[in-house]
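Atoms within a ligand are numbered from 1 in the order they appear, just like the ligands themselves.
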Amino acid sequence: MKIAVCIKRVPDTATRLNFAADGTSIDQSEVQWIISPYDEFAIEEGLRLKEKAGEGTVTVITCGPASATKELRQALGMGADDAVHIQTEDDLDPIQIARCLSQVLESRGDDLVLFGRQSVDAQGSQMGALVASQLGRPFANSIASLEVDGTTVRIQRDVDGGRETLEGSLPVVLGADKSLNEPRYPKLKDIMKAKKKPIETVEAQPGERAFETSAITPPPPRPEGRIVGEGPEAVEELIRLLREESKVI
Ligand SMILES: Cc1cc2nc3c(=O)[nH]c(=O)nc-3n(C[C@H](O)[C@H](O)[C@H](O)COP(=O)(O)OP(=O)(O)OC[C@H]3O[C@@H](n4cnc5c(N)ncnc54)[C@H](O)[C@@H]3O)c2cc1C
């Protein structure tokens, strides 16, 4: 089985983000980058399917700047066979990234293309659907379990109050949720091996932008805390405030 996993680098959640002077982007000079956590579930699932089948390949693909090679090497350290780096130093909007990914995927003809259900920074939850639509393939997002038997695919998704089971045929595009598996930690010997695995560099052909980011702004500062009393006597007033003022209960 030929499997592609699309991964995005995102700022480490421990990084303190600062806005750049232009007011439309993040100052990236101090940012530590990681593989978006949902993408790690997608990589792990691709590796497990390959291991179970005893054959096939897992290719990781990213669209991003030259420095995103680091995240591709990490994925190769987890066990992916090779990588494609669609290189661009430009800030692209989602439709442009989807075009770049689709161009590469179109020429590869994978049986299965895996995404994370959403990136943990921009959180658009749209890339898998955009790419699937451009490839003319079915898409299911937020998958909690996956079984492939020949060309039959069985998927479970967590939905409000239960689980939905879907059945379809390869090729499909799927977005991984966190209940899918537990991603492995790369072993030192695999990290060393990953240094020799091939990364193909492809020039991005993003086409026209659909949107310009005109501003990004921080959330409003939190109002200062208020002490409403002490001990059990304060409970009644606290509940009243939570109900009538904050309207959270
Ligand atoms: C209107 C608009 C304008 C934007 N303009 C800019 C801009 O000027 N500069 C800028 O830096 N960003 C910009 N962005 C953000 C950027 O386009 C998105 O981060 C990017 O398109 C990915 O979308 P997402 O993070 O919402 O991914 P989601 O749809 O939430 O991601 C789902 C999955 O898609 C895959 N994926 C996402 N991105 C990639 C990628 N690059 N390579 C491989 N796989 C990927 C991963 O598997 C990920 O888990 C803009 C976003 C919007 C909505």
Side-chain angles (χ1 to χ4, degrees), residues 3-11 13 17-20 22-29 31 33-46 58-72 74-75 78 80 83-106 108 110 112-135 137 139-143 172-178 180 183 199-217:
I3 302 169
V5 186
C6 295
I7 66 168
K8 181 185 181 189
R9 66 170 206 167
V10 295
T13 42
L17 292 177
N18 295 310
F19 294 93
D22 64 5
T24 64
S25 58
I26 300 290
D27 174 7
Q28 299 190 359
S29 55
V31 173
W33 299 96
I34 56 167
I35 297 174
S36 185
Y38 287 107
D39 302 354
E40 293 188 351
F41 299 107
I43 299 167
E44 178 64 36
E45 198 61 19
V58 176
T59 302
V60 281
I61 303 173
T62 200
C63 177
S67 50
T69 314
K70 175 180 137 285
E71 286 70 40
L72 287 174
Q74 271 171 21
M78 282 175 76
V84 180
H85 187 177
I86 308 167
Q87 208 167 304
T88 176
E89 300 301 320
D90 294 336
D91 287 341
L92 302 179
D93 79 1
I95 196 77
Q96 291 179 305
I97 293 175
R99 271 190 214 114
C100 293
L101 293 173
S102 299
Q103 282 154 13
V104 167
L105 290 165
E106 189 103 64
R108 290 175 44 85
D110 297 280
L112 180 63
V113 182
L114 292 166
F115 284 80
R117 62 169 270 187
Q118 67 180 76
S119 68
V120 298
D121 57 352
Q123 300 182 6
S125 305
Q126 58 181 318
M127 198 51 64
L130 284 172
V131 169
S133 142
Q134 291 179 4
L135 296 176
R137 291 191 201 161
F139 174 63
N141 206 7
S142 306
I143 62 158
V172 288
V173 179
L174 302 174
D177 208 344
K178 60 176 184 245
L180 193 55
I199 299 181
E200 181 191 355
T201 304
V202 175
E203 202 185 317
Q205 312 262 335
E208 291 292 307
R209 287 180 80 84
F211 289 106
E212 287 298 333
T213 306
S214 51
I216 54 166
T217 46

Numbering as shown, the atoms of ligand 1 that approach I61 to under 4.0 Å (heavy-atom distance): 43 (C)
Distance filter under 4.0 Å to Q126 heavy atoms, resulting ligand 1 atoms: 26 (O), 28 (P), 29 (O)
Polar atom proximity, G116 to ligand 1 (N or O, under 3.5 Å): yes
Selected option - heavy-atom contact closest to atom 12 (N) of ligand 1, from L92, D93, D39: L92
Atoms of ligand 1, numbered as shown, that sit under 4.0 Å from any heavy atom of F115: 33 (C), 34 (O), 35 (C), 47 (O)
For I97, the ligand 1 atoms whose distance to one of its heavy atoms is below 4.0 Å: 20 (C), 21 (O), 40 (C), 41 (N)
Close N or O approach (C6, ligand 1; < 3.5 Å): yes
CD (E203) with more than 12 external heavy atoms under 6.0 Å: no
Q103 side-chain N/O to Q205 backbone N/O, donor-acceptor pair under 3.5 Å: yes
Option nearest atom 6 (C) of ligand 1 (shortest heavy-atom distance, choices L101, L130, T213, D90): T213
Backbone of G64 reached by a side-chain donor or acceptor of H85 within 3.5 Å: yes
Under 3.5 Å: N/O of S119 near N/O of ligand 1: yes
Per-atom contacts of ligand 1 with K8, taking only distances under 4.0 Å to non-hydrogen atoms: 18 (C), 19 (O), 22 (C), 24 (P), 25 (O), 36 (N), 37 (C), 38 (N), 39 (C), 45 (C)
Any S125 heavy atom less than 4.0 Å from ligand 1: yes
For atom 26 (O) of ligand 1, the protein heavy atom that lies nearest, with its residue and separation: G124 N, 2.7 Å
Matching residue for I86 among P206, C63, C6 - test: side chain to side chain contact (heavy atoms under 4.5 Å, CB included): C63
Atom 8 (O) of ligand 1 [closest protein heavy-atom partner, distance rounded to 0.1 Å]: R209 NH2, 3.0 Å
Side-chain H-bond candidate by donor/acceptor type, T59 with R108, under 3.5 Å: yes
Atom 34 (O) of ligand 1 - nearest protein heavy atom and its distance: M127 CB, 3.1 Å
Heavy-atom nearest neighbour of atom 2 (C) of ligand 1 within options A42, P94, P65: P94
Main-chain N/O of R209 paired to D93 side chain as donor or acceptor, under 3.5 Å: no
